[in-house]
Amino acid sequence: MTCRKMEVLIYQYTELSPSERSLVEGHIQTCLSCKNLMEQVNQQQNLIRQAATVPVEIRNAAQLTHKIMSAIQPKPKPSWWGLFENHDIFVPRLAVSVAASLLIIFFAVEFFQENIPSTEYSKIDRGTSTLNTTQFLNTQWKRKEMTSMSVSIYNCLKRDDCAFKKI
Amino acid sequence: MNRVPRTTPEVLREAMAGNSKAFQMLVEEHQAFAYRVAYRFVGHANEAEDIVQEVFVKLWQHLNRYNHEVKLTTWLYRMLANRCLDFLKSARARQLKNQEDIEDSYSVSGSITTDETLLNQELMKAIQETAASLTPKQRAVFILRDLEDLPVAEVCEVLSMTAGNVKSNLYYARKELSEKLKVYYQTNNPISL
């Protein structure tokens, strides 16, 4: 290894792995200029370590604490309203809740549409491709009757075969 | 050695819950450490105090997001380093650099002042003056690794750098300081490097 590359390792000596350190140790045994540099860097590092022990003192610690405490806003006590203020937590929770509610409503509507027949029409086998004319017309007639019935119960009651009279 | 404060979990929990008394205890415990770091970066007492104040206000605002997996001091180091690096890049820092020398916040604890402590004070001032010529990144790595004595892994965490990047910046910083301190002591004397 060249002295130029060795210089980098000498300045980084405290951060080197054991194998890198032994490489440097081996080199300075044979190279006087690198050995001198190593001594100089060690001396410098010792002086810096020593100088770092000099305390750095605040001019007026109590005043600084007071300035900091005056600058902070007291936090309000947690309330349900606080949920709305903390966007980081509230927004994702709200999004998940809304999505879940919409899914439940969608499946509920689907379920009721499938399982609770509102008219006789729903009894027609939708899977049958051939049209059963009689069944279709009967169904249509009943639908018409039920529709008109729902429009006017009064008119229905005037007829003898009104379903409401039988109740 | 540089003292790194430790907050009890109870005080931290109370402060996180918004208890300002507990937060005051946390401030009293950590402000000396925070000031030391800020002062080492910027070299001016007023600016260092302003930075400490800003960092603690930010800490109060974001304390409820504190992740217990990270040491509180590491989090503070990160906030301080980021704020100091922003300051060093600012026009205000350039203005101060042209105006005056490093202000003196280095002092000797206790009443006994020996030659050795005075020499250390002088040396520290010289280091601070020569470190002012380093790039902000080199200065940050030098302060955290060599003055604050943080392990390389923590320096990487604080500055969001890779280990290789930290070592590379450390090499340039130490080399530059070595050359400048040599010149400094050739002209100002007491210790020969």
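Residue numbers begin at 1 in each chain, while the letters A, B, ... track the order of the sequences. Just so it is clear, the structure is predicted and the values come from calculations on it, not from any experiment.
In plain terms, the two heavy atoms of B:L147 and A:A52 that are nearest each other are O-CB, 3.7 Å. Of all the heavy atoms in A:I58 and B:A32, the pair that sits closest is CD1-CA, 3.8 Å. Contact record, A:A51 with B:N120: CB-O, 4.1 Å, taken as the closest heavy-atom pair.
For the pair B:F23 and A:M69, the minimum side-chain heavy-atom distance is below 4.5 Å. By the 4.5 Å heavy-atom criterion applied to side chains, B:V152 and A:Q12 are not counted as neighbours. In this structure the side chain of A:E57 never reaches within 4.5 angstrom of the side chain of B:R36, judged on heavy atoms.
Proximity to chain A among residues 161-175 of chain B is limited to B:K167, B:S168, B:L170, B:Y171, B:R174, B:K175, judged by heavy-atom separations below 4.5 angstrom.
Note: A:L47 CG to B:M124 CE = 12.0 Å, rounded to the nearest 0.5 Å. To the nearest 0.5 angstrom, A:T14 atom OG1 is 5.0 Å from B:R145 atom CZ. The distance from the OG1 atom of A:T53 to the CG atom of B:D149 is 11.5 Å, given to the nearest 0.5 Å.
For A:Q45, the part sitting under 4.5 Å from any heavy atom of chain B is the side chain, from C-beta outward, and nothing else.
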message = Run A:E15 and B:V155 through side chain to side chain contact (heavy atoms under 4.5 Å, CB included) and show every step you take.
response = CA-CA 12 Å; A:E15 329 306 325; B:V155 178; over 6 Å; no
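Taking hydrophobic clusters as Ile, Leu, Val, Met, Phe, Trp and Tyr residues chained together by side-chain heavy-atom distances below 4.5 Å, A:V24 does not share a cluster with A:L32. Residues B:M25 and B:L63 are members of separate hydrophobic clusters, defined by side-chain heavy-atom contacts under 4.5 angstrom among Ile, Leu, Val, Met, Phe, Trp and Tyr. The hydrophobic cluster containing B:L159 also contains B:W75, counting ILVMFWY residues as joined when their side-chain heavy atoms lie under 4.5 angstrom apart, directly or transitively. Following chains of ILVMFWY side-chain contacts shorter than 4.5 Å, one cannot reach B:V11 starting from B:Y66, and the two form parts of different hydrophobic clusters.
Cluster partners of B:V70, using a side-chain heavy-atom cutoff of under 4.5 Å among ILVMFWY residues and allowing indirect links: none.
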Under 3.5 Å, sequence neighbours excluded: what are the donor-acceptor pairs made by side chains of residues 61-68 of chain A?
residue : atom : partner : partner atom : Å
A:T65   : OG1  : A:A61   : O            : 2.9
A:T65   : OG1  : B:Q31   : OE1          : 3.0
A:T65   : OG1  : B:Q31   : NE2          : 2.8

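Applying the ring-ring contact (aromatic ring centres under 6.0 Å, His included) rule to A:Y13 yields no partners; only residues at least two apart in sequence or on another chain are considered.
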